Amino acid sequence: MLPVFDCHADALQRALDLGHDLGQETHGHLDLVRGRRGGLAAVVLTAWIDGPYAEEPGAAKRRTNALLDAADDLFARHPESLCQVVDGARLLEPDPSRLACVLAIEGGHAIEDDLDQLDHYAGRGVRVMTLTWNNHLSWARSCRDGAGAAVPEGLSDFGVRVVERMGELGMLVDLSHAGERTFYDALEAAVAPPMVSHSGCRALSDHPRNVTDDQLRALAQRGGVLGIPFATAFLDEDERRAEQAFRKTEAYRNAGGDNATERLLLEGDAIQSGMPPFPLERVADHVLHALEVAGPRHVALGADFDGIDRRPAGLEDASGYPALLEVLGRRGVDQETLGLVAYHNAARAIAEATATAAAR
Ligand SMILES: [Zn+2]
C-alpha cells in the first residue's frame, strides 16, 4: 500500500469539542485507526478558526490555543503511534510505525494582527498557516465576495510582513481560500514554495475555492503544490446545486448536534445517506487535470476530512485513499507519479518550508 500524506484535515476540532480520541477509531472522518487502514503516513492537522472568532478580541487566540492544546494531548496519549513533526526533513522518508502530524492554523485572524502571536504559534510547533479562511482580514482578501472598502485587493503591507515572517519561522504559506490577488501577492512574498492545501481545478468546476489553470501554472513555476480536496461541492457544479437543495430538507436541517462540530458530523451522516453516491471518478478528474497543467511534482491530496459534510463514494473516511489511487492507476498515472501525488510532493513542500528557519 502506498504511503499517503493528507495536506488538510480538520479532525482536531472533534478532539476539542467532542472529546474524541483521534488515536482510536472514532465517529468522524480521520483518526489513527482508519488512517492506518488507508496507508496514511503523514497529515497536516489543522486548527480551523471559524470566522466569528475574528469578531471578539482574544477569541481567535483562545480558540487556536485550545485546539493546539488538544493536539498536545493527542500526542502525549499516543507517543508510540503518533508524532508531531516540526522539521519537515523528517517527512522525506515515510515512517510506517508512526503517523507524522504537522500542525497548522487555518485563518490568519488567529494572529489577531500581531506578528508576535505568529511567533507564539511557531513556538508551539505550528508549521503551516492558511492565510485566510472564507472571512476577509484587514491584511488579506479571501476568495469570497463581499469584501468592503477596508479590505485590500490582495495582501496589505502588513500581510506581506506576515508572509515574510512565516518564512523566517519556517512556516509554509497555504493559499487555499485566498483571493486571486492575495494568491499572486503571497507567491511573490513567500520565502519557500507555497501550498494550496485543499482546492480543486476551476477549469473543471467553477467555484471560487478552486484555482484557475493560470494559478496552477504559477504555483508550479514557484515550486508549490496543490492538494486536491474531497469536498464534493468544489468538484462538481451539478452536484453542488443538488447539495444546496438537499441542505434545505428536514433530514439535513434536523440532523441534530449540540455544537457546530457535532452538527457538521451529523449533517455529514444525513447527506451521505440521503443523497446518491458522489462518483469517486470526479476526484480523479481533478487530480488528472492538475497533473496535466502543473506536472507530476506539484499535485497532492488535501481531503479536508472532518471539515466537510458530503464525501465521495469510497472516500468517506481516511481508510479510503487506496481506492482513489487505484482509480488513478487505472486511468494511466504511472507508479512513480502516484507515489509523488500520494505522499512525496507534500512531504517535499513541508520540508522546504521548514528548512527556511533551519537555514537562518
Ligand atoms: Zn478550508
Side-chain angles (χ1 to χ4, degrees), residues 6-11 13 28-30 46 48 50-51 106-107 130 132-136 142-146 174-180 183 196-213 215-216 226-253 255 257 260-261 263-290 299-318 320-321 323-324 327:
D6 194 321
C7 299
H8 193 86
D10 283 351
Q13 61 182 349
H29 308 169
L30 188 141
T46 299
W48 165 59
D50 202 353
E106 183 172 24
T130 317
T132 71
W133 185 63
N134 288 335
N135 51 313
H136 305 287
S142 89
C143 66
R144 295 288 177 171
D145 293 338
D174 178 6
L175 298 173
S176 262
H177 294 274
E180 210 163 320
F183 169 89
V196 178
S197 67
H198 57 301
S199 296
C201 302
R202 193 86 70 94
L204 302 188
S205 171
D206 187 15
H207 190 288
R209 283 281 289 98
N210 293 339
V211 294
T212 65
D213 285 358
Q215 284 180 292
L216 200 40
L226 175 72
I228 299 297
F230 298 174
T232 53
F234 303 165
L235 299 172
D236 188 298
E237 291 172 49
D238 294 337
E239 294 287 345
R240 177 164 74 248
R241 278 187 284 275
E243 286 165 18
Q244 279 162 354
F246 187 83
R247 290 198 184 93
K248 295 197 178 98
T249 63
E250 295 283 300
Y252 192 87
R253 292 206 342 256
T261 301
R263 211 153 38 241
L264 176 66
L265 187 60
L266 297 176
E267 286 166 352
D269 293 344
I271 203 165
Q272 281 308 102
S273 61
M275 283 190 75
F278 181 96
L280 183 154
E281 295 282 347
R282 201 67 68 241
V283 187
D285 292 342
H286 283 255
V287 174
L288 290 165
H289 181 82
V299 185
L301 304 175
D304 204 1
F305 277 136
D306 291 308
I308 51 179
D309 54 7
R310 191 174 183 213
R311 286 93 68 207
L315 299 175
E316 290 86 357
D317 61 52
Y321 305 109
L324 173 62
V327 167

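The model shown is predicted, which means the values in this text are computed figures rather than measured ones. Excluded from the calculations below are hydrogen atoms, water molecules and symmetry mates; all remaining heavy atoms, backbone and side chain alike, are included.
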Student: Using only atom types and a distance under 3.5 Å, with no angle test, would you say the side chain of Glu267 pairs donor to acceptor with the backbone of Leu265?
Tutor: no
Student: At what distance, to the nearest 0.5 angstrom, does CZ of Phe234 lie from OG of Ser199?
Tutor: 7.0 Å
Student: Restricting to ring-ring contact (aromatic ring centres under 6.0 Å, His included), what partner residues turn up for Phe183, sequence neighbours left out?
Tutor: none
Student: By ring-ring contact (aromatic ring centres under 6.0 Å, His included), which residues pair with His8, not counting sequence neighbours?
Tutor: His198
Student: Asp206: which residues meet the side chain to side chain contact (heavy atoms under 4.5 Å, CB included) condition with it, sequence neighbours left out?
Tutor: Arg202, Glu237
Student: Which residues satisfy the salt bridge (charged side-chain N to carboxylate O under 4.0 Å, His left out) test with Arg241, sequence neighbours excluded?
Tutor: Asp238
Student: Look at the side chain of Asp306 and the backbone N and O of Gly28, then say whether any donor-acceptor pair between them is shorter than 3.5 Å.
Tutor: no
Student: Nearest heavy-atom pair of Leu226 and Ala290: which atoms, and what distance?
Tutor: CD2-CB, 4.1 Å
Student: ring-ring contact (aromatic ring centres under 6.0 Å, His included) with His289: which residues, sequence neighbours excluded?
Tutor: none
Student: Run the side chain to side chain contact (heavy atoms under 4.5 Å, CB included) test against Ala300 and tell me which residues pass, sequence neighbours left out.
Tutor: Cys7, Val225, Ala346
Student: Mind checking salt bridge (charged side-chain N to carboxylate O under 4.0 Å, His left out) for Asp174 and listing every partner two or more places apart, or none if nothing turns up?
Tutor: none
Student: Please report the closest heavy-atom contact between Phe246 and Ala270, naming both atoms and the distance.
Tutor: CZ-O, 3.5 Å
Student: In Å and rounded to the nearest 0.5 Å, what is the CG to OG1 distance from Leu280 to Thr232?
Tutor: 12.5 Å
Student: Which heavy atom of Tyr321 sits nearest a heavy atom of Asp6, and at what distance?
Tutor: OH-OD2, 2.6 Å
Student: What is the minimum heavy-atom distance between Ser205 and Ala233, and which atoms define it?
Tutor: OG-O, 4.5 Å
Student: Asp50: what forms a salt bridge (charged side-chain N to carboxylate O under 4.0 Å, His left out) with it, not counting sequence neighbours?
Tutor: none
Student: Which value, rounded to the nearest 0.5 Å, describes the distance between Arg311 atom CZ and Ile271 atom CD1?
Tutor: 9.5 Å
Student: So how far is it from His286 NE2 to Asn210 CG, rounded to the nearest 0.5 Å?
Tutor: 6.0 Å
Student: Once rounded to the nearest 0.5 Å, what's the spacing between atom CD of Glu281 and atom CG of Leu288?
Tutor: 9.0 Å
Student: Could you tell me whether the side chain of Asp309 reaches within less than 4.5 Å of the side chain of Arg247, counting heavy atoms only?
Tutor: yes
Student: Judged by atom type as modelled, is there a donor-acceptor pair below 3.5 Å linking the side chain of Ser142 to the main-chain atoms of Arg144?
Tutor: yes
Student: Looking at Gly320 and Leu315, what are the two nearest heavy atoms and their distance?
Tutor: O-CD2, 3.3 Å
Student: So, using side-chain hydrogen bond (donor to acceptor under 3.5 Å, both in side chains) as the criterion, who are the partners of Asn135 when residues are at least two apart?
Tutor: His109
Student: Can you name the residues that form a salt bridge (charged side-chain N to carboxylate O under 4.0 Å, His left out) with Arg209, not counting sequence neighbours?
Tutor: none
Student: Work out which heavy atom in His177 is nearest to a heavy atom in Thr130; give both atom names and the distance.
Tutor: CD2-CG2, 4.3 Å
Student: Atom CG of Asn134 and atom SG of Cys143: how far apart are they, to the nearest 0.5 Å?
Tutor: 5.5 Å
Student: Quick check against the 3.5 Å criterion: does Gln215 have a side-chain atom that pairs as donor or acceptor with the backbone of Thr212?
Tutor: yes
Student: Could you check if a side-chain atom of Leu301 sits within less than 4.5 angstrom of a side-chain atom of Leu324, using non-hydrogen atoms only?
Tutor: yes
Student: For the pair Glu106 (side chain) and Trp133 (backbone), establish whether a donor and an acceptor sit closer than 3.5 Å, ignoring hydrogens and angles.
Tutor: no
Student: Holding to side chain to side chain contact (heavy atoms under 4.5 Å, CB included), I want the full list of residues that pass it with Asp285, two or more places apart in sequence or in another chain.
Tutor: Leu204, Arg282, Arg331
Student: Start with the C-alpha gap between Ile308 and His29, add the side-chain angles, then the distance that decides, and say whether side chain to side chain contact (heavy atoms under 4.5 Å, CB included) holds.
Tutor: CA-CA 9 Å; Ile308 51 179; His29 308 169; 4.3 Å; yes
Student: How would you list, by chain and number, every residue that makes a side chain to side chain contact (heavy atoms under 4.5 Å, CB included) with Glu239, sequence neighbours excluded?
Tutor: Asp236, Glu243, Met275, Phe278, Pro279, Arg310
